[in-house]
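Presented below is the structure to which this report refers.
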There are 2 protein chains.
Amino acid sequence: MLAHCRGKGQTPGPVSQDPLPSDRPARTLADLARLAGVSTGTVSRALAGSSLVNPETRQRIQALAAAHDFRVNQMARRLRTQKTGVIGVVVPLGHERRQHLSDPFFMTILGHLADALTENGYDVMLSRIIPDAEDWLERIVDAGMLDGVLLIGQSDQMEAIERVARRYRPLVAWGSRVPGQIHCTVGTENVAGGRIAAEHLIARGVRRIAFLGEIRAPELRERYAGVCAAAAAAGLPVPLQLDTHLASDMMEQEIAAHLTRHLDRIDGIAAGSDMIAMTTLRVLADQGMAVPSDVPVIGYDDLPLGLQTVPRLTTVRQDIARGARAMVERLFARIAGQDAGPLVMPPELVVRDSA
Amino acid sequence: MLAHCRGKGQTPGPVSQDPLPSDRPARTLADLARLAGVSTGTVSRALAGSSLVNPETRQRIQALAAAHDFRVNQMARRLRTQKTGVIGVVVPLGHERRQHLSDPFFMTILGHLADALTENGYDVMLSRIIPDAEDWLERIVDAGMLDGVLLIGQSDQMEAIERVARRYRPLVAWGSRVPGQIHCTVGTENVAGGRIAAEHLIARGVRRIAFLGEIRAPELRERYAGVCAAAAAAGLPVPLQLDTHLASDMMEQEIAAHLTRHLDRIDGIAAGSDMIAMTTLRVLADQGMAVPSDVPVIGYDDLPLGLQTVPRLTTVRQDIARGARAMVERLFARIAGQDAGPLVMPPELVVRDSA
DNA sequence: TCTCCTATTGCAATCGATTGCAACAAGCCT
DNA sequence: AGGCTTGTTGCAATCGATTGCAATAGGAGA
């Protein structure tokens with residue numbers, strides 16, 4: 001704005017070198033360059049520690065920068081270099097719109113992701129997305145703000161994810177893998193996990209399993225499929241599937257309603273996640289049922305919180321820390337142009353007290 | 001790069017209009033401008049819906065943009081407009097370096113903050129900072145990437161925060177407020193909260209209180225002070241203060257060690273946070289102690305998880321949702337140049353089953 | 001018919017940093 | 001002494017979008 005007037009009617013040539021008011025710290029490379037009596041290019045190189053500038057000059061400029069509390073404008077830097085140093089961590093809430101960021105599974109994996117990313121010098125941009133617009137992922141990916149995207153869960157947005165993954169490489173999702181799928185995933189074998197859970201219940205004498213959790217997202221759908229497979233293999237009836245929304249305030253009532261209605265028809269519960277299992281424990285305690293003697297309950301995830309419940313939660317373990325590391329590794333590989341494949345981890349039964 | 005060669009030896013004037021290869025979507029305003037046969041300025045205005053462009057042209061350009069999946073480069077836009085649309089949410093871990101992002105209190109407030117910010121069209125940049133460098137906050141604030149900063153907790157970094165707040169307005173912190181403090185805070189009256197907790201224990205017959213939680217950060221220090229005040233007012237001995245680190249893997253052992261050593265000298269526990277209280281419940285159950293009959297336990301925060309414990313947690317409620325909204329409101333006011341003061345909310349006793 | 005106004009559009013500066021290339025000096029070699 | 005290398009530095013284009021101002025065309029009014 002000021003520059004519009006500056007230099008009006010002056011002789012052509014270098015712009016007038018208005019001395020920087022000493023009370024205001026240097027904000028731009030140009031300020032610093034003026035102060036040091038060199039060009040912005042030299043300042044840029046000096047601050048980057050380039051060996052192209054004379055060591056003396058370099059030190060002088062660095063000292064000057066420190067004295068003036070100078071920090072380069074990342075916006076400009078990133079525009080120029082076309083690298084942002086920012087990774088988007090995105091939670092799509094296609095179904096489950098009311099789910100909150102504070103879902104413990106999500107926060108656990110987010111914590112691990114954030115740790116791994118910051119250790120590598122990347123910033124984390126967090127987005128909790130309700131995909132009402134068709135192109136929600138395109139908007140994120142094409143805004144030019146991110147070097148890569150990590151998706152936590154696939155929700156019911158497989159198509160959108162596939163569409164983007166076809167042309168956008170640095171994208172890794174936590175979730176399940178279906179044959180022919182393009183986008184890179186990290187997750188556990190959910191079918192196997194469901195089977196393990198159900199087999200454990202069956203070995204404990206359960207004959208009529210209920211699966212708690214809604215099955216629109218692929219992960220829980222597969223877990224339920226595994227539960228069904230195990231039941232079928234044991235010659236048991238098809239397990240009952242009961243929807244449970246993840247918004248924590250509704251979950252307790254929903255489960256309570258389910259149980260009062262169906263409790264006479266079931267004798268064991270496989271929960272779609274540890275949070276569902278914990279709430280179930282709570283509801284059963286309220287209804288005067290003993291766990292596991294009256295009704296065994298098994299979870300899925302192995303969140304740290306499962307150690308805090310009474311009784312301690314029997315569950316199917318997903319190695320979330322390893323998964324997070326794997327996601328970040330794969331993302332970096334893809335950013336570097338390499339081709340990183342998916343990781344499907346085996347689930348693992350953790351027997352504690354609830355089943 | 002290409003442009004270095006382009007136009008060499010050509011007549012001056014408009015740059016050669018190499019037709020855009022139709023297989024590649026339009027990536028820049030210039031691409032689109034070429035396609036539409038107008039200037040980039042017109043495209044920019046058309047996409048912004050400016051009334052300065054002919055309605056027909058505007059529609060044509062918008063259709064073209066949609067057809068080519070065009071999305072403006074946010075980096076460039078933000079550099080030019082000097083607005084980033086990004087708010088930093090920063091967790092300083094000065095003490096408690098091992099604390100994880102997955103701390104439930106942190107995640108709960110983060111969830112509310114993220115909701116409020118995204119509703120207002122802002123993005124969230126998440127930073128978990130271990131303040132080893134003196135100027136950790138300056139680096140964040142001066143990078144030019146953020147329109148404002150929300151701090152979750154003050155850790156032991158009061159000086160650094162004050163220093164920056166003196167010159168950087170759009171900064172709001174969750175935490176406690178001390179007299180003469182410059183930076184804007186939102187939080188609860190921790191001294192009062194501590195007092196309420198202790199008074200409740202004392203009314204239940206407790207005479208020798210232990211406070212679990214380390215007191216280097218101002219919030220817990222004040223809560224402990226409140227506990228001490230209540231004890232003094234009742235003529236009881238000074239409550240025992242026992243350090244407990246927040247890293248969840250260590251907490252259980254630490255508390256167990258504390259309790260085995262001091263359990264004979266105490267008859268009631270005020271925990272510095274709900275997480276500490278929940279772990280204490282777990283440890284007491286393992287040691288065969290009944291809560292509240294043998295040892296009453298009271299928490300602080302009123303996290304949703306407190307409803308899941310057995311017994312349900314008696315606690316001191318902080319209205320985290322309201323606090324998060326207040327933080328965001330104040331931040332926006334400050335971004336707009338107004339002067340928003342602090343908010344100190346009254347804590348509230350929530351009596352459930354653990355005390 | 002001429003002037004003036006208005007609705008559109010283009011031009012070019014700007015945000016702030018990076019970087020290829022050119023320019024220049026000093027020192028070395030033959 | 002002239003040519004060449006080496007070490008430093010400056011110049012200016014560039015990233016991609018925004019926006020004040022100038023320019024143009026067309027229509028209205030006198």
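Treat the numbers as computed from the prediction; the structure is a model and nothing was measured. So that the names make sense, note that chain A is the first sequence line, chain B the second, and so on, each numbered from 1.
What separates CE of A:M75 from C1' of C:dT14 is a distance of 16 Å, to the nearest Å. Rounding to whole angstrom units, NZ of residue A:K83 and P of D:dC15 are separated by 16 Å. For the pair A:L29 CG and D:dC11 P, the computed distance is 15 Å after rounding to whole Å. Atom-to-atom, CE of A:M145 to P of D:dG16 comes out at 15 Å; the value is rounded to the nearest Å. Between B:R77 atom CZ and C:dC15 atom C1' there is a gap of 13 Å when expressed in whole angstrom units. Rounded to whole Å, the distance from CG on B:L79 to P on D:dT14 is 17 Å. In this structure, A:R80 places its CZ atom 13 Å from P of C:dA17, rounding to the nearest Å. Whole-Å rounding puts the B:Q74 CD to D:dT18 P distance at 8 Å.
Using a 4.0 Å heavy-atom distance criterion, B:S44 is classed as a base contact. A:V43 comes within 4.0 angstrom of nothing in the nucleic acid, heavy atoms only. If you check every strand for non-hydrogen atoms under 4.0 Å, A:R78 touches nothing.
When each of A:T40 and A:L52 is assigned the nucleotide of DNA chain D with its nearest heavy atom, A:L52 is the one assigned upstream, toward the 5' end. For the pair B:Q82 and B:P55, both in contact range of DNA chain C, the more 5′-proximal nearest nucleotide belongs to B:P55. Toward the 5' end of DNA chain C, the nearer of the two residues A:A30 and B:G41, judged by each one's closest nucleotide, is B:G41.
One finds no side-chain N or O of A:T28 lying less than 4.0 angstrom from the OP1 or OP2 phosphate oxygen of C:dC15. Of the side-chain N and O atoms in B:T42, one or more sit less than 4.0 angstrom from OP1 or OP2 of C:dG10.
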Take B:W174 and B:Q154, measure what side chain to side chain donor-acceptor pair (under 3.5 Å) needs, and give me the verdict at the end. CA-CA 7 Å; B:W174 174 276; B:Q154 296 146 321; over 6 Å; no
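B:R78 and B:D123 are joined by a salt bridge, as a carboxylate oxygen and a charged side-chain nitrogen come within less than 4.0 angstrom of each other. Classification of B:E134 and B:R163 as a salt-bridged pair holds, one side-chain N sitting under 4.0 Å from a carboxylate O. Ion pairing between B:R27 and B:D69 fails under the 4.0 Å rule for side-chain N and carboxylate O.
With hydrogens and angles disregarded, no donor-acceptor distance shorter than 3.5 Å links the side chain of B:D142 to the backbone of B:R139.
The base of C:dG20 lies close enough to the side chain of A:R45 for a donor and an acceptor atom to sit less than 3.5 Å apart.
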